[in-house]
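Presented below is the structure to which this report refers.
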Amino acid sequence: MNWTPWQYLKLKCPINREALKETLDGGQAFRWKWMEEEDCWEGIWGTTVARLKHATDDRLQISLPKALEAKAEIGDYLKIGTDWQQIIDQLPWRSDEILKTSISAFQGLRILKQPFGETLLAFLCSATKQIPQIKIMCENLAQTHGEEIVEGYHALPSWQRLSNATETELRKLGLGFRAKNIKRTADILADSPERLSTIESLPYAEAKEELMQLPGVGEKIADCALLFGAEKLDAFPVDTWILKSLQNRYGLHDWNAKQLTHFGRIHFGEYAGLAQQFLFSWERSES
DNA sequence: AGGCAGGTGGCCA
DNA sequence: TGGCCACCTGCC
């Protein structure tokens with residue numbers, strides 16, 4: 001396939017190599033892969049295909065398939081115009097050494113704005129699975145049910161399309177018990193096409209409550225979909241890594257996930273979700 | 001070979 | 001409300 005020449009992106013905040021890797025392939029998104037030969041990341045979201053390269057001075061370059069050149073929406077997806085430094089400054093790093101350390105390790109780490117519907121789909125796949133497995137499930141879903149964008153590159157299927165598949169078909173893609181939830185959610189969303197965009201426009205608390213009406217969507221998956229797919233930066237997903245971090249590094253040994261979700265939102269504030277991502281990346285890199 | 005992994009929902013006290 | 005367990009599958 002033909003790709004356009006590399007072009008610099010106008011990044012408000014620079015991003016280091018490690019932070020880029022964490023942003024694209026650290027559990028927010030599941031459709032980026034490292035291209036060793038090209039020394040770049042290649043990813044798909046919505047109906048966009050793109051390559052990203054880490055350049056000197058922590059800048060970024062982008063290249064697109066020539067056939068899709070006009071379709072680039074990388075700015076929104078990567079939130080390149082957002083002043084992340086200003087947001088970080090509002091986190092309690094001054095009084096929180098752990099947070100301070102993880103922020104300095106991942107300079108430029110950011111929260112993506114992925115398409116809401118496919119973020120929900122990816123996280124419905126995520127239950128008790130590790131990142132490589134989730135990526136395989138997403139790839140299988142795209143290959144078998146998703147629309148082809150350019151040769152060999154498939155979008156994730158819409159909920160409408162997914163509702164045409166049977167649970168048995170979905171199970172064959174390695175989804176396991178997640179297939180039932182995905183099928184049932186697809187049937188619901190296909191019946192009310194406006195529902196997701198309505199949810200996306202609600203404030204965090206109401207959006208979460210609405211999302212959790214869907215089968216297979218509990219607190220954690222709802223928080224992930226809202227943080228990574230709807231710009232609700234006050235969402236604070238508690239997974240096993242954050243659980244470990246808060247229990248061991250913050251000394252909250254007897255706290256359960258529900259209590260820690262509350263703690264996170266109180267302690268880290270309006271941008272708790274960004275703090276979560278720093279702690280998450282730090283915890284994983286230290287393990 | 002058995003336990004566990006970025007959870008959820010149902011059942012029981 | 002709070003704790004426990006089954007649920008698919010692949011990987012160590």
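First the proteins, then the strands, lettered A, B, ... as listed; each starts at 1. Keep in mind it's a predicted model, so treat the numbers as computed, not measured.
By the ring-ring contact (aromatic ring centres under 6.0 Å, His included) test, A:Trp84 is found to be paired with no residue, residues two or more places apart in sequence or in another chain being considered.
Rounded to an integer number of Å, the gap from A:Lys258 NZ to C:dC4 C1' is 18 Å.
Ionic pairing of A:Arg17 and A:Asp39 is present here: one or more N-O contacts between side-chain nitrogen and carboxylate oxygen are shorter than 4.0 angstrom. The pair A:Asp89-A:Arg94 counts as a salt bridge, with a side-chain nitrogen and a carboxylate oxygen less than 4.0 angstrom apart. Comment: A:Asp187 engages A:Lys183 in a salt bridge, judged by a side-chain N to carboxylate O separation of less than 4.0 angstrom. Using a cut-off of 4.0 Å between Lys/Arg side-chain N and Asp/Glu carboxylate O, A:Glu167 and A:Arg171 are scored as salt-bridged.
At least one side-chain heavy atom of A:Trp32 sits less than 4.5 Å from a side-chain heavy atom of A:Trp45. Under the 4.5 Å side-chain criterion, counting only non-hydrogen atoms from C-beta, A:Leu279 is not in contact with A:Arg249.
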What string of B, S and - do you get for nucleotides 7-12 of chain C 5' to 3' if you count protein non-hydrogen atoms under 4.0 Å? BBBSS-
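Nucleic acid contact for A:Val217: sugar-phosphate only, since backbone atoms but no base atoms lie under 4.0 Å from a heavy atom of the residue. Using a 4.0 Å heavy-atom criterion, one finds that A:Ile242 contacts no nucleic acid atom at all.
Using a distance-only test at 3.5 Å, with no hydrogens or angles considered, no donor-acceptor pair links the side chain of A:Lys232 to the main chain of A:Gly273. A donor-acceptor contact shorter than 3.5 Å is absent between the side chain of A:Gln130 and the backbone of A:Ile134. Checked by atom type and distance alone, the side chain of A:Gln213 pairs as donor or acceptor with a backbone atom of A:Glu209 at under 3.5 Å.
Pairs of residues two or more places apart, or lying in two chains, that qualify as salt bridge (Lys or Arg N to Asp or Glu O under 4.0 Å) and include a residue from residues 104-121 of chain A are A:Lys113-A:Glu200.
Nucleotides of DNA chain B lying under 4.0 Å from heavy atoms of chain A occupy a range whose first and last members, 5' to 3', are B:dA5 to B:dG9.
Ranked by how close their nearest DNA chain B nucleotide is to the 5' end, A:Trp241 and A:Gly216 are led by A:Trp241.
Contact check of residues 270-287 of chain A against DNA chain B (heavy atom, cut-off under 4.0 Å) returns A:Gln276, A:Phe280.
A gap of 12 Å separates the P atoms of B:dC4 and C:dC5, to the nearest Å.
For the 3.5 Å distance criterion, the side chains of A:Ser281 and A:Glu22 qualify, holding a donor opposite an acceptor. With hydrogens and angles left out, the side-chain atoms of A:Arg178 and A:Thr128 include a donor and acceptor closer than 3.5 Å.
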Which dot-bracket string describes DNA chain B (Watson-Crick N1-N3 plus N6-O4 or O6-N4, or G-U N1-O2 and O6-N3, all under 3.5 Å; [ ] crossing; | other strand)? .||||.|||||||
